[in-house]
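Just so we're on the same page: letters track the sequence lines, and every chain starts at 1.
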Amino acid sequence: MNNPQLNKNGELQHLLSTEGLPVRILRNILDKATEFVNVAEGREIKKVPLLHGKSVFNIFFENSTRTRTTFEIAAKRLSADVVNLNIGSSSTSKGETLLDTVDNLCAMHADMFIVRHSSSGAAHLIAQHVAPEIHVINAGDGRHAHPTQALLDMFTIRHYKKEFHNLRVAIVGDVLHSRVARSQIHALTTLGVPEVRVVAPKTLLPTQVEKLGVRVFHDMKQGLKDVDVVMMLRLQNERMQGALLPSAQEYFKYYGLTQERLAQAKSDAIVMHPGPMNRGVEIDSSVADGSQSVILPQVTFGIAVRMAVMSILAGTK
Amino acid sequence: MNIHIKNGRLIDPLNKIDARQDVYIVDKRIAAIGNAPQGFVAQQVIDANGLIVMPGLVDVAARLREPGYEYKATLESEMDAAMAGGVTSLSCPPDTDPPLDEPGLVEMLKHRARLLNQARVFPVGALTYGLKGAELTEMIELTEAGCKAFSQADALLTDTRVLLRAMQYAATFGYRVWLRPQDAFLAKDGVAHDGEVSTRLGLPAIPVVAETIALATMLQLARETGVKLHVCRISSAEGVEMVRAAKRQGLAVTCDVSVNHVHLSEMDIGFFDANCHLTPPLRSQRDKAALRAGLLDGTIDAICSNHSPVDEDAKQLPFAEAESGATGMELLLPLVLKWAEQDDVPMLDALARITINPAQLLGVKMGHLSIGAHADVCVFDPTTTWKVEPAALKSQGKNTPFNGHTMQGRVRHTIVEGHVAFSI
């Protein structure tokens, strides 16, 4: 089966998932992002003209502030024209189908779509539908994938740890519902991380998760033992209603990241979180704000990584 | 009309005939096999040299979408599809709008179908009013109107007391109860098999235990009530094993599988192919192998198309939001032939799964070519290949996981009640 993200020359046509991307493409994105970090830090004017004259449409069928904003900033720094659409509150509620919405935006000469949707596979559907000169970036589809988040996480890890081949990484929390976790797992394994762990109660892990190439832990202390990177996942409040967990308090008691539990990890381990954080539910404030936390740098790097992805896609013919 | 079908290879599973034999039809019935009856004068001769002559197919699950869903398909379009697929008898599940829970609706459907003079339609009536799982339908009245069995279609019955009583009532009169085993709570919001692929794609999942728990309940209640239970669309290895064990213990239970599940698994979803969004979900390769083993040893009695035409807009959506179902009547025969070839199944055994066996499940006298039987015949070319594409399908539904695949075996003539209803 052809990977729908790559064109005939094996170049990145769309960014839909980190799954199945060759390591050279992942590294290329990270390298390119490094250049953009340098641009942002080294200059008064933070803009480069790589997407000058291009129209980037942020189409968000599901609410998001942070991801949409960082994509917007990234596109503007590349000198693109950016249009933000919160479709959750407009056309589909009037009965227009997803692909009708996309067709209308194509007729407005969009060059790139950044899509968030609550249903897994939505970005794939759009990518299969649009003309070949249009690029699609998945900004999160259901539980499936959130590739730019995973890439900025990889960038952060490389920034602090330099290499991937000698790392032990733990992903902690609601893997079952997490598009971030799936994308992180594929990216980490592709980049050569020898041991990726998931740590969660059985109710928050999908069936046969080990087939994604991870080691499964249900005990937080064992799961964090000697790891280099701790990647926390957000716990949604509605999980309590689905009989997946009894209470946020009990979850924090056993799976919350506290200083004491973090002490199981290596002393130079970094702590990451895709945001927004629930302090006191999955992570203790002292850890979130502590010296091992790289949560705010993640956000900064997110802009550079998204610039990298957009500029690479714009260069694909 | 007197028809002489000559030079064909006749395969009639009930009569265990697989030989070069001519078939003679006189006035709606099979008059003779082999030698012409005395004084026979053919009004039409079909030269079946190189072709296979078999009883018309009997499909136990074909949604015609009428009444209520004419935008998906109409009786006219789906009857054409039946003829093109060699299907001369079909039973339609009651999940129309309104559901088939009133004798008047059943009579109307049968009447409309009769006017078209194509496939015979044997409706399956709703087991409960509105398929809501609360009140029993008037099963006697519905039977008199033409219902051959009672079912909940895909509307799952959660109240086990209602299920017990429905079975008791049906058993009182010897009616058949057809149920698809799925626990409504465990399957809630699920769109794919709970396994490797749903985990990778992040699709809400339906575990195998959703099937086995519901099946265990059904089998126990069937044992308790003595009802004739038919298990629809079995999908898992564990489910097959439970039916096998129940049969071994002497329970009067029968079972069918959709032809899609004989050929496909969760892997075929690939990158969110909404045509593979089916009910029940496509399960693992291991389950697929177990379904095939169940067919071979007789645990599974029949193969159906589970024909469910869906309008294109309803499939052009993200996987979970896309409507489930696939068109299938025109693919049933070639897919059964493909299975027979892959698993070395003798033609007599393979074709029994789509003729006499499903006819017996319905309790109708079709599905064979004995002397005196209804002249429902399918004549097909086993070697012709054709490509599945929208233009090649008569069904209004063009949605199928086999889109783009090449099929081997094409129906050339379909005869219903002694008249040639389809020919190419």
Exercise. Non-hydrogen atoms of chain B under 4.5 Å away: do they reach the side chain of A:Glu210, the backbone, both or neither?
Worked result: neither

Seminar exercise, completed: In this structure, CG of B:Asp313 is separated from CG of A:Asp100 (nearest 0.5 Å) by 7.5 Å

Problem set entry | chain A contact via B:Pro207 - side chain, backbone, both or neither, heavy atoms under 4.5 Å | neither

Seminar exercise, completed: One should read off an interatomic distance between A:Leu125 CG and B:Glu321 CD, to the nearest 0.5 angstrom, of 9.5 Å

Exercise. Hey, what do you get for NZ (A:Lys211) to CD (B:Glu196), rounding to the nearest 0.5 Å?
Worked result: 4.0 Å

Problem set entry | Per-residue contact mode, A:Arg179 against chain B (heavy atom under 4.5 angstrom) | neither

Seminar exercise, completed: Taken to the nearest 0.5 Å, the spacing of A:His144 NE2 from B:Ser198 OG works out to 12.0 Å

Exercise. Do you know which of A:Gly142, A:Ala122, A:Pro4 has the most heavy-atom pairs with chain B at a distance under 4.5 angstrom?
Worked result: A:Pro4

Exercise. Between A:Ser120 and B:Leu203, is a side-chain contact (heavy atoms from CB on, under 4.5 Å) present by the stated rule, with each step listed?
Worked result: CA-CA 6 Å; A:Ser120 301; B:Leu203 292 171; 3.8 Å; yes

For this session: To the nearest 0.5 angstrom, please state how far the CD atom of A:Gln128 sits from the CD atom of B:Gln316.
Result: 9.0 Å

Exercise. Tell me, side chain or backbone of A:His117 under 4.5 Å from chain B's heavy atoms, or both, or neither?
Worked result: side chain

Exercise. Would you say B:Phe319 and A:Ser119 make side-chain contact, with heavy atoms under 4.5 Å?
Worked result: no

Exercise. More than 12 heavy atoms of other residues, nucleotides or ligands under 6.0 Å from CD of B:Glu341: is that the case?
Worked result: no

Exercise. With under 30° as parallel and over 60° as perpendicular, where do the rings of B:Phe271 and A:His124 fit, or are they tilted in between?
Worked result: parallel

Exercise. Just how far is it from atom CZ of A:Arg182 to atom CZ of B:Arg200, taken to the nearest 0.5 Å?
Worked result: 11.0 Å

